[in-house]
> 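My structure is below; once you've seen it, I'll send some questions.
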Amino acid sequence: MPFRFIHTADIHLDSPLRSLALRDEALAELIGNATRAAFVSIIDLCLGEQVDALIIAGDLYDGDQTSMKTARFLAGQMQRLNAAGIAVYKIRGNHDALSKITQELVLPENVKVFGGRAEAVDRVKGGLDIAIHGLSFAKPQAPESLLPRFKAPVVGAINIGIMHTSLAGAQGHDVYAPCSVSELHASGFDYWALGHIHQRAHHHGARTVIMPGMPQGRDINEAGAKTVSLVTIADDRTITIEERLTSVAQFERVSVDFTGISEWREAAGAIELALARQREKTASPHLVTRLRLNGQTPLSWRLHRDIDLLRTEAEERGDRIGQTWIEKLELAVHTPEEVGKATADPVIELGQLMRDRVIASAGFRDEIGEMVKDLLVDLPPESRRFAGDDPASFERFIDELMLDGADDITARMKTWDHGEN
């Protein structure tokens, strides 16, 4: 009889909304409830597959939470597993260590929460002896490797280790309990159930090392379909991994080329076609898109001026397609005469001057950069990622910010030049 379990991590249950662009109340409600919905789908999967256990490799919570609604919801879901005889093995990650309800919540007897000292839990399934090892974060920080603190593998057993770690480091993630993949493969454990890095990865080698990624994205920087791992350990000790979809809402960037489009109706049609194509490729029930419009079009002035109307057009097309949402609309369109051409139009010349002289000025760029940095300091950590996760992406954000600003100013001046209101 095989031993089967679901491996997940980084659920960030009831995570607050992270995107400043979620102005649509219905969309905000969808995203606000998405982590709960994904967790319910995980529990449903455990019950449907009749697994032996659920392994949660840290960050079930999302930090300094005090809501007992979250606690009651979690206890109810754990009780569903308890009634079916499914065990839960959980460690605390850096976010769990911050959570106040972690210490207050009484969970059903089927839930094993590993403490700040390494433990190993033994169980038997058919002819397999299983040893499940776990070690929780006692504090939010873990600057040193936790691997040396784990107990030695149990001889003759299938050894499963549960660890929350940044491994050798990952973009956008702080360093927590660092260790190398090669060290994990050499540890003697058969399966490493990892957590912390939100992108799924299977680190191939002598052993099975899985970072499952998060089961539900929370903003455009956590794009793509999200899954958990269904793991089967056969009587001959072979290990099989299957990905199972859990995300309710799937974030995706969608680019639309407006080159050659000269009519508003054509523009709306191009947006609808791009959304429909992405919807067909989207595995999750809901698609949440960030639309980026680019290319050369004589509609550039009007698109910049009437971006609110354009967003309404896009939202109507999303409603028509079904379960398709617009998180944000970005404009990177230009009029044909703007691109490498001299022109007698003083407004266009002024716009080109802003791009060539003002924006290119190191002093002006530095001022804008400092203003953005000051803004980021005043925002909560979960709302800062729009400006990038590293120096290179921050510089790209500043480029886009200044160019978009120049285009908006030029578009409004063009409107006034034509005597429009």
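Residue numbers run from 1 in the order of the sequence given. Please read all numbers here as calculations on a predicted model, not as lab measurements.
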> Taking atom types as modelled, is there a side-chain donor on T240 or T232 under 3.5 Å from an acceptor on the other?
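No.
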> For a quick test of your reading: what N or O donor-acceptor pairs under 3.5 Å do the side chains of residues 209-217 make, sequence neighbours left out?
| residue | atom | partner | partner atom | Å |
| --- | --- | --- | --- | --- |
| Q216 | OE1 | V248 | N | 2.7 |
| Q216 | OE1 | A249 | N | 3.3 |
| Q216 | NE2 | A249 | O | 2.7 |

> Counting distance only, does the side-chain N/O of D59 pair as donor-acceptor with the main-chain N or O of H12 below 3.5 Å?
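Side chain of D59 to backbone of H12, a donor-acceptor pair under 3.5 Å: no, none is there.
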> Is R36 positioned over the aromatic face of F73, cation under 6.0 angstrom from the ring centre and no more than 45 degrees off axis?
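Pair R36/F73 counts as cation-pi.
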> If the threshold is 4.0 Å, N to carboxylate O, is there a salt bridge linking E243 and R200?
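Salt bridge present between E243 and R200.
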> Hey, are T312 and E315 close enough side-chain-wise for a donor-acceptor pair under 3.5 Å?
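Checked: E315/T312 side chains show no N/O donor-acceptor pair below 3.5 Å.
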> Walk me through whether D24 and I326 qualify under side-chain contact (heavy atoms from CB on, under 4.5 Å).
CA-CA 9 Å; D24 185 310; I326 311 301; over 6 Å; no
> In this structure, is the centre-to-centre distance between the rings of F189 and Y191 below 6.0 Å?
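So the answer is no for these two rings.
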> Determine, stepwise, if the pair D190 / R207 fulfils side-chain contact (heavy atoms from CB on, under 4.5 Å).
CA-CA 5 Å; D190 298 276; R207 307 292 181 172; 3.5 Å; yes
> Got a sec, which residues hit side-chain hydrogen bond (donor to acceptor under 3.5 Å, both in side chains) with D306, two or more places apart in sequence or on another chain?
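With neighbours one apart ignored, the set is empty.
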> Evaluate side-chain contact (heavy atoms from CB on, under 4.5 Å) for V88 paired with I56, printing each intermediate quantity in order.
CA-CA 8 Å; V88 179; I56 303 174; 4.3 Å; yes
> Treating R237 as the side-chain partner and A157 as the backbone partner, does any N or O pair qualify as donor plus acceptor under 3.5 Å?
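Pair found, side chain donor or acceptor close to backbone of A157.
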> Give a yes or no answer on whether the side chain of E222 reaches the backbone of R218 with a donor-acceptor pair at less than 3.5 Å.
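Yes, E222 side chain to R218 backbone: donor-acceptor pair under 3.5 Å.
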> For F258, give me all partners under ring-ring contact (aromatic ring centres under 6.0 Å, His included), at least two apart in sequence or on another chain.
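Partners of F258 by the ring-ring contact (aromatic ring centres under 6.0 Å, His included) criterion come out as none, since no residue qualifies.
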> Say whether, by atom type as modelled, one donor and one acceptor occur between the side chain of R277 and the main chain of E272 under 3.5 angstrom.
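No: the side chain of R277 does not pair with the backbone of E272.
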> Compute whether any side-chain donor of one residue and acceptor of the other, for N294 and S255, lie under 3.5 angstrom apart.
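Yes - a donor-acceptor pair under 3.5 Å links their side chains.
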> Classify the side-chain pair S284/T282 by whether it contains a donor and acceptor separated by less than 3.5 Å.
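There is no such pair (donor and acceptor under 3.5 Å, judged by atom type) between the side chains of S284 and T282.
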> Which pair of non-hydrogen atoms, one from R292 and one from A332, has the smallest distance, and what is that distance?
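For R292 and A332, the tightest heavy-atom pair comes out as NH2-CB, 3.4 Å.
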> Classify the ring geometry between F5 and F3 as parallel (under 30°), tilted (30 to 60°) or perpendicular (over 60°).
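Correct class here is tilted.
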> When you compare the side chains of E313 and W264, does any donor N or O come within less than 3.5 Å of an acceptor on the partner?
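Result is yes, a qualifying pair exists.
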> Which pairs pass side chain to side chain donor-acceptor pair (under 3.5 Å) with one or both residues in residues 120-134, sequence neighbours excluded?
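For residues 120-134: D52-K125, Y89-R123, H133-N159.
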> Look at the side chain of S187 and the backbone N and O of H185, then say whether any donor-acceptor pair between them is shorter than 3.5 Å.
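It does not hold such a pair.
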> Please confirm whether the backbone N or O of H196 pairs with a side-chain atom of D10, one donor and one acceptor, at under 3.5 Å?
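Answer holds: yes.
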> The test is salt bridge (charged side-chain N to carboxylate O under 4.0 Å, His left out); show your working for K281 and E252 and say whether it passes.
CA-CA 10 Å; K281 297 186 292 183; E252 296 289 352; over 6 Å; no
> Would you say E266's side chain and E263's backbone share a donor-acceptor pair under 3.5 angstrom?
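Between the backbone of E263 and the side chain of E266 there is a qualifying donor-acceptor contact (under 3.5 Å).
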> Quick check against the 3.5 Å criterion: does S247 have a side-chain atom that pairs as donor or acceptor with the backbone of Q250?
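Checking the backbone N and O of Q250 against the side chain of S247, no donor-acceptor pair under 3.5 Å is found.
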> Hey, what's the ring geometry for W325 with H286, parallel, tilted or perpendicular (30° and 60° as the breaks)?
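It falls in the tilted class, 30° to 60°.
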> Listed by chain and number, what are the side-chain hydrogen bond (donor to acceptor under 3.5 Å, both in side chains) partners of E119, not counting sequence neighbours?
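Expected list: K112.
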> I'd like to check the side-chain hydrogen bond (donor to acceptor under 3.5 Å, both in side chains) partners of E316; sequence neighbours left out, ordered by chain and number.
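E316 satisfies side-chain hydrogen bond (donor to acceptor under 3.5 Å, both in side chains) with no residue once adjacent residues are dropped.
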> Using only atom types and a distance under 3.5 Å, with no angle test, would you say the side chain of H164 pairs donor to acceptor with the backbone of A57?
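Yes.
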